[in-house]
Every structure is written in structure tokens, then in C-alpha cells.
Amino acid sequence: MRAHAKRAVELRRRVGEILDHGVGAEHASRLVDRVLIGLILLNIVGVVLESVPEIDARWHAAFVAIEIVSLVVFSAEYGLRIWTAPENALTRALSPWQARRRYMTSMVGIVDLLAVLPFWFIFAVPEDLRVVLIFRVVRFLKLTRYSPGMRSLLDALYNERRALAACLVVFFGATLFAAVLMYLAERHIQPDRLGTIPDAIWWAVVTLGTIGYGDVVPVTALGKLIAGATVLMAMAMVAMPVGIIATAFAEEIHRRDFVVTWGMVARVPLFAGLDAAAIADIMRFLRAQTVDAGDVIVRVGDPAHSMYFIARGAVDIDLKGRHITLGVGHFFGEIALLRRAHRSATVTALTRADLLVLDGGDLRRLMDRDPRLADRIHEVVRERVGADIVGKRGDLVGEEIAQGQERTPAKE
């Protein structure tokens, strides 16, 4: 029984890694994500096209097949996510029941449930109420799980919820104020359109919302003056939430990129052991570089004067016929910052890639300004230069590798 329970726990951990982008299951996790994203998009297209009678009459069987497959896949996904909830890093400290309840009551858990719940309504509602299936479009919200940009936007909206609520209060106040003024100015001239405050509120809403249907317009001079002021006020009403959301979204993206960059810099052996202030200083000197697929980043024989962090994409390292592929989070060239030498390999972008580059000159300025960093660099020079080898965590400097090969026999 113990062996069986251990295998069950291991299987649950493995499934959890695949569903939640585990490091040990990157390929399988990406494959599952792509299948689910494709199925979600296929569902949205199906829901839209199914509303066209001519298309539905011709492809009804295909739409039903898509829905059945979606039901099976999304129901299985929801069940697996409940089962693997205790393996999630955010809920690992909780008991299995608490972890599962946390997932089921979370926003993503509710969206996952709503993605399958409408279909089951078929068996519970009369035939004429099956229009509830149109709520299948809620599956579109599942894309937020697979899009960092959409998650960042939702986080920005949540962080600014109080400011946005204040904008909503101001909008309702402006609507009521404009409606009352227009009612007083036009109630006798247009009693059928602006004879009551609710009628005037409709005019104020469409005007402040910059919709301006034109079905209700003022005819008096005072009414036109009020309408002009309302239109000017509408510009401010629109600009306020747009500005708040844009600023919050930009800050969220910057904060996410900062965390990712921090993680990449902190993993470099050269910078291991440095405190937060030293790593923050290094990050200020990083510059961005974007390369297209096929572009040569460094060429064999080039002077080694900088190191590179891969923020997006993948690169190929051609080391005398031996090819090494590095992806997001990896780096190369750290030993080149310690000495001037020449590259022993050619690095080519396999896909469009975003790189963060740290020049040796910038590092030397950091060393002059921060004695702690300088001490760390000199320590690494003594430990690694001449003994480092080319690899996923090493540099591509031929001169240093040659020196290492020459020094190895002497040490023995």
C-alpha cells in the first residue's frame, strides 16, 4: 500500500507540473497548453458561427462534435486541477482539502467550472431554454491562464479597483447632474423625449459615453449649451479610466519583467552570493537587444566583451560542430566579463529573441563603485578563470579554455 500511495503522489505531482508549467515537464506542459488554447479558440469560433442559421444547418454535426470533445477535455482538466491542487506551490502548505477548496473558490477555478457547467444544463433545462449554452463563450476567459499579458492586465485592474470605482461614481454623478439640467431646460419643449429625469438620464448616458445616438437632441439655446458642456465633460470621463488602466498595466508589466530579470541575474554563478542592492545595480546597466531568427549574436573569433541573458526565444551555440541550445532564463558569456578574450563559438538566434546585455565596461564601473562586487569578481576570477569549461552555464571564450587545459596538468 505504501508503494501504491507513493506512486499516486508521484503521479499527482507529475500531472500538477504539466498543468502548472513545471520545470521538469516543460515540453509536455507547452503541448498541453497549446492543445487547450486551440480548443478554446475553436469553441469561440463554433459559438459564433453556430448562431448563423445557414452555417449551423450545414455544419451542425461538427459543432456538436466540438462541444462533446470540449466537454470531455475541459471536464477532465477541471477534475485533474482539483486533484493536483495540493501540489500547487501557492497551496502546498495547506491540507489537501483546503488546497482543493482554495482552487475551487478561486477566480480561475470558477472560470474552469463555468467552462463545462453550461453544457450539463442541457440535461436539466427544457428544450426551449437551451439558449443558456451561449454562455459557453465564458471559455474565452480561460485564455487568461495561458497569457501573461492578460494576467497582468487583470492584475492591473484589480490593483486599481478603488480608483476605477471612484471613476464610476464620478461618472454616475456627472450623468445625474447633466440629466437634471437638461430636464429643466427641455422638459416643456420636448416632453415626449426629455419630459422626465429618467428620459434625460438616457440622453446623459449616451452623451457622456460618447455614443451620441442622435435620437434625443436639445433644441433650445440653453439645452445646446448644456449639451456642449456635457460633451467636454465626457472627454474627461473617458480619459480618466483609460489613463489609470494604462499606467497600472505598464507598471505591472515593468514589475513582472523586473522579477524575471532579477531571477536571471541572480542565477548567474558570477553573481551568486551578492545581496539585493548589488544585483539591483547590475540590472540598471543591462541593455535590451532584439535579434531575429538566423541572426548571429556573436561569432567565433570576436572579442569577448559582454554577457547575455535570454529573456525570450532560443539560441544555438555552435562549438566546433557541437550544438547547444539555450532558452529563456539561460545565459552565456559570464566569464568574458572577467577577462578580455576571443569567442570560441558562434551563437545564432533560432527564433526571434529578446536579450539583455551587460557590457564588461559597465561591470568594471560597477566594480569601481562597489568594493563588495569587486571582491566577488576577483574571487571568481581566482576560482574559475582558466578552469571553466564550455557548457550551459559556462562562457564561450577560447583563450580561457586553452589556459584551463594548460593549467590542469600542473595542478595534478
Check: Going through the distances and angles, do Val64 and Ile68 end up as a side-chain contact (heavy atoms from CB on, under 4.5 Å)?
Finding: CA-CA 6 Å; Val64 172; Ile68 292 175; 3.9 Å; yes
Output yes when a side-chain donor or acceptor of Ser106 lies under 3.5 Å from a complementary backbone atom of Tyr103, and no otherwise. yes
Taken to the nearest 0.5 Å, the spacing of Leu326 CG from Ile310 CD1 works out to 5.0 Å
To the nearest 0.5 Å, atom CD1 of Ile297 lies from atom OH of Tyr308 at 7.5 Å
Is Ile110 close to Thr105 at the side-chain level, that is, under 4.5 Å between some pair of heavy atoms?
no
Tightest non-hydrogen contact, residues Ala179 and Ile197, listed as CB-O, 4.4 Å
- For Asp318 and Thr346, test the side chains for any donor-to-acceptor distance below 3.5 angstrom and give the result as yes or no. no
- Between Arg102 and Ala99, is there a donor-acceptor pair closer than 3.5 Å when you use the side chain of the first and the backbone of the second? no
TODO: May I ask you to test the Leu157-Leu164 pair for a side-chain heavy-atom distance under 4.5 Å?
DONE: yes
_Quick check: do Gln289 and Arg287 have side-chain heavy atoms less than 4.5 Å from each other?_
yes
Can you find a heavy atom in the side chain of Ile245 that is under 4.5 Å from one in the side chain of Glu160?
no
**Message:** Under 3.5 Å, is there a donor on one side chain and an acceptor on the other for Ser95 and Gln98?
**Reply:** yes
Do Asp316 and Ile324 pass the side-chain contact (heavy atoms from CB on, under 4.5 Å) test, and can you show the C-alpha distance, the side-chain angles, and the key distance before you say yes or no?
CA-CA 6 Å; Asp316 172 75; Ile324 300 173; over 6 Å; no
Determine whether Val15 and Trp83 make a side-chain contact, defined as any pair of heavy atoms from C-beta on separated by less than 4.5 Å.
-> yes
Here the pair of heavy atoms bringing Pro218 nearest to Trp203 is CD-NE1, 4.2 Å
query = Between the side chains of Tyr183 and Asp199, does any donor sit under 3.5 Å from an acceptor?
reply = no
The reported gap from CH2 in Trp202 to OG1 in Thr175 (rounded to nearest 0.5 angstrom) is 11.5 Å
| request: Check whether any side-chain heavy atom of Glu251 lies under 4.5 Å from a side-chain heavy atom of Phe249, and answer yes or no. | output: no
Less than 3.5 Å apart, any donor N or O on the side chain of Thr290 or Asp354 sitting next to an acceptor on the other? yes
*Would you find more than 12 non-hydrogen atoms of other residues, nucleotides or ligands less than 6.0 Å from Arg58 atom CZ?*
no
To the nearest 0.5 Å, atom CZ of Phe74 lies from atom CG of Leu36 at 6.5 Å
Do the side chains of Glu77 and Arg81 get close enough for a salt bridge, i.e. N-O under 4.0 angstrom? yes
When every non-hydrogen atom of Ala227 is compared with those of Met182, the smallest separation belongs to N-CE, 4.0 Å
| request: For the residue pair Leu49 and Val45, establish whether any side-chain heavy-atom pair is separated by less than 4.5 Å. | output: yes
To the nearest 0.5 Å, atom CE of Met307 lies from atom CG of Leu355 at 11.5 Å
Minimal heavy-atom distance between Thr230 and Ala178, with the atoms involved, is OG1-CB, 3.7 Å
Thr351 side chain to Ala314 main-chain N or O, any donor-acceptor pair under 3.5 Å?
yes
One should read off an interatomic distance between Met237 CE and Thr207 OG1, to the nearest 0.5 angstrom, of 13.5 Å
ask   = Is Arg352 salt-bridged to Asp295, cutoff N-O under 4.0 Å?
value = no
message = Between Val315 and Thr348, is the side-chain contact (heavy atoms from CB on, under 4.5 Å) condition met? List the steps.
response = CA-CA 6 Å; Val315 302; Thr348 307; over 6 Å; no
Heavy atoms of Met240 and Cys167 approach each other most closely as CB-SG, 3.9 Å
Decide yes or no for Leu358 and Phe285: does some side-chain heavy atom of the first lie under 4.5 Å from some side-chain heavy atom of the second? yes
